[in-house]
Protein chains: 2
Amino acid sequence: MAKRARIRDIAEHLGISTATVSRAISGKGYVREELGEKIRAAAIELNYGLPEDFAGKRVLLVVSHEAMIDFERSQFTMYVLEGLRRRASERGLVIDNHAIRSADELDGLAELARASDLLGILFLTVDDSILKPARSLECPVVLVNTDDPEMRLSSVTPCNRSAAAMAARHLTDLGHERIAFLTKPGRRTIQRRLEGVRDALGSRQDTMIVIEAEDWTVQAAQAAVAEALADDRQFTGIVAAGDILAAGALIALHAAGLRVPEDVSVIGIDGLPQGAYLAPALTTVSIPMQAIGAYSLDMLCNTAQLQGTSRNFPVSRIELACSLTKRNSTGLRASRVVEPV
Amino acid sequence: MAKRARIRDIAEHLGISTATVSRAISGKGYVREELGEKIRAAAIELNYGLPEDFAGKRVLLVVSHEAMIDFERSQFTMYVLEGLRRRASERGLVIDNHAIRSADELDGLAELARASDLLGILFLTVDDSILKPARSLECPVVLVNTDDPEMRLSSVTPCNRSAAAMAARHLTDLGHERIAFLTKPGRRTIQRRLEGVRDALGSRQDTMIVIEAEDWTVQAAQAAVAEALADDRQFTGIVAAGDILAAGALIALHAAGLRVPEDVSVIGIDGLPQGAYLAPALTTVSIPMQAIGAYSLDMLCNTAQLQGTSRNFPVSRIELACSLTKRNSTGLRASRVVEPV
DNA sequence: CTGAAAGCGCTAACAC
DNA sequence: GTGTTAGCGCTTTCAG
């Protein structure tokens with residue numbers, strides 16, 4: 001493990017004095033703007049100024065077996081992992097992977113949790129059955145992309161509810177009044193997205209229809225939307241609970257001879273990069289996936305740092321904001337006039 | 001403003017060397033256990049080792065006029081303030097109070113926000129009308145005890161939803177099946193508590209009844225519960241959306257000749273200290289009020305620290321866990337047999 | 001285990 | 001603006 005970067009390393013790297021670097025980074029005192037930029041860039045590149053060092057400590061990353069083998073469903077997970085890994089390498093932490101098939105397999109964890117070089121355990125996108133065993137672990141624990149409804153474990157998640165609200169509001173701002181929520185019910189995460197759509201629709205939510213796919217796949221979503229169209233259900237905009245479902249919706253609409261966005265607008269949630277290559281390019285609400293990974297490590301470190309201290313780090317839940325990625329699948333409600341039923 | 005405590009101050013204070021203090025605090029190297037304790041105690045007492053210092057900077061605390069003048073409604077707010085003030089003094093920050101009556105009065109704030117000695121602005125328990133002007137402020141902003149549904153402003157709140165779920169689950173664990181949620185609809189906070197009760201009740205939520213008080217006062221709650229009893233609405237447990245409402249429920253039940261907890265159990269949410277002096281002492285879900293105040297200052301500092309830096313602090317929402325304070329107003333469902341309607 | 005002293009990383013003061 | 005240098009606060013080393 002390379003030593004942590006010092007202010008002097010940056011100075012030598014750029015052939016300038018440490019004082020200048022100090023000024024540039026702290027923002028106090030005069031530094032030429034251009035030089036300051038260069039210094040800050042180098043500081044980031046060299047991983048300067050990271051918090052407490054836990055270098056060499058291990059972090060156990062528990063993922064459900066299911067989340068790893070099913071690539072289509074797990075792309076989201078992969079991006080979270082990417083952010084997690086990057087932050088881990090910045091902090092000099094070692095990530096130990098540990099895939100589990102079911103809650104039973106957690107038994108061995110209690111022992112591992114006591115290892116002295118273990119910083120803590122991260123549970124990534126696991127389901128509720130592991131909450132109970134996880135709560136009784138003796139080391140710091142953080143849930144990533146799930147939360148504990150009883151708030152006995154800390155967690156880092158996107159703000160699913162406001163992400164979905166943002167998606168729905170985008171459509172209503174474009175004049176859409178009859179909105180379909182395309183989903184595959186299941187995890188709490190998805191339930192929160194439904195709540196978000198309801199929040200945004202407010203009093204108009206009785207005009208909302210819910211289209212349920214059989215599975216979290218493009219094919220299932222396509223089938224569900226095709227069926228909704230065949231049943232002549234009325235909507236001019238679709239909020240899909242995930243980009244993958246949105247992709248299915250695009251296909252079904254195209255097959256039915258409907259144009260996107262002229263006839264129907266479609267917006268996804270997740271912000272997977274391939275959305276940009278769909279036809280039309282998918283408007284979506286992007287979740288800061290790498291940031292979620294990075295933050296969960298930070299939270300684990302904070303918890304570990306205060307553990308044993310008089311003031312413990314309280315159990316807390318942190319939700320990160322999402323942002324609208326406007327592409328071409330949404331537009332003003334216009335052509336496809338919908339009659340009230 | 002006294003200078004921040006240094007390791008040397010602690011050493012002199014105890015008449016020992018700085019090296020020993022260093023070892024005791026970092027936990028590396030040998031220090032006599034007893035001496036180590038003494039050193040750590042002194043460190044806390046002298047406020048040693050607080051994060052970055054913003055000593056002397058001002059924090060603008062905006063509270064709604066309403067929240068300050070109505071003592072009964074604002075006790076909660078006062079405790080949050082207490083935690084806020086304590087942390088501010090630890091960090092050497094100056095809190096400037098600024099009461100507003102309505103969103104219009106925010107106009108002047110834009111100017112104040114640019115003052116160079118201003119660290120940022122905290123909005124405490126304000127209502128949604130101020131969100132819009134607050135979002136366009138140029139300085140770091142954190143909402144305390146409210147959140148931004150659009151997630152454009154960071155916030156620190158209790159986890160109202162899981163707090164309410166915890167309250168309801170406490171009753172169901174005691175065998176209660178017909179539960180009344182006593183509330184005064186209004187702020188989003190309270191809506192979340194309703195959702196929490198629903199979460200906990202799950203499939204049984206159709207047996208839940210909602211009792212709405214006219215106002216967030218003991219009297220209004222008392223009247224509402226009295227009316228529910230007169231209407232012969234069936235319940236053996238009451239989850240009150242706030243301790244103040246719970247106090248009203250206790251009075252109404254007593255007046256109707258019902259015993260608590262033998263006939264009806266009552267649980268509050270908030271954890272106001274006077275709950276202990278009600279008859280019977282109120283079981284409640286305690287919200288870490290001081291911690292909320294302290295954390296919001298921390299979040300403001302984090303945001304301020306990274307502002308202007310290449311990596312901005314992302315907009316995030318932090319929710320703190322609540323805990324059950326078991327007193328005497330809840331018990332096993334027993335005496336008061338309720339027939340299905 | 002503890003203290004003295006050397007060393008490290010950063011900032012502040014000052015010169016140009 | 002930038003480098004030199006002094007100085008501060010903390011940790012590490014080493015002797016006892």
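Nothing here was measured: the structure is a model prediction, and the numbers come from that model. So you know, we letter chains A, B, ... as the sequences are listed, proteins then strands, and number each from 1.
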Trainee: Which heavy atom in A:A5 sits nearest to a heavy atom in A:L46, and how many Å separate them?
Mentor: CB-O, 3.1 Å
Trainee: Is A:K57 paired with A:D117 through a side-chain N to carboxylate O contact shorter than 4.0 Å?
Mentor: no
Trainee: Between D:dC14 atom C1' and B:Y30 atom OH, what is the distance in whole Å?
Mentor: 15 Å
Trainee: Go through D:dC14, C:dA5, D:dT4 for me and flag the one nearest to the B:A19 side chain.
Mentor: C:dA5
Trainee: Should the pair B:K38-B:E34 be classified as a salt bridge under the 4.0 Å nitrogen-to-oxygen rule?
Mentor: no
Trainee: Determine, for B:E82 against B:R85, whether the closest basic-nitrogen to carboxylate-oxygen distance falls under 4.0 angstrom.
Mentor: no
Trainee: Side chains of B:S286 and B:S323: do they bring a donor and an acceptor to under 3.5 Å?
Mentor: no
Trainee: Establish, with yes or no, whether the OP1 or OP2 oxygen of C:dG3 is under 4.0 angstrom from a side-chain nitrogen or oxygen of B:T20.
Mentor: yes
Trainee: Work out how much the helix from C:dC1-D:dG16 to C:dC16-D:dG1 bends between its end axes, five pairs an end, to the nearest 10 degrees.
Mentor: 10°
Trainee: Which of residues 32-42 of chain B have a heavy atom under 4.0 Å from DNA chain D?
Mentor: none
Trainee: In whole angstrom, what separates B:I7's CD1 from D:dG9's P?
Mentor: 11 Å
Trainee: Ignoring the backbone of A:S26, work out which of D:dG9, C:dT11, C:dT2 is nearest its side chain.
Mentor: C:dT11
Trainee: Under 4.0 Å between a Lys/Arg side-chain N and an Asp/Glu carboxylate O for A:D148 and A:R135?
Mentor: yes
Trainee: Across the strands shown, which category fits A:R23 at heavy-atom distances under 4.0 angstrom: base, sugar-phosphate, nothing?
Mentor: base
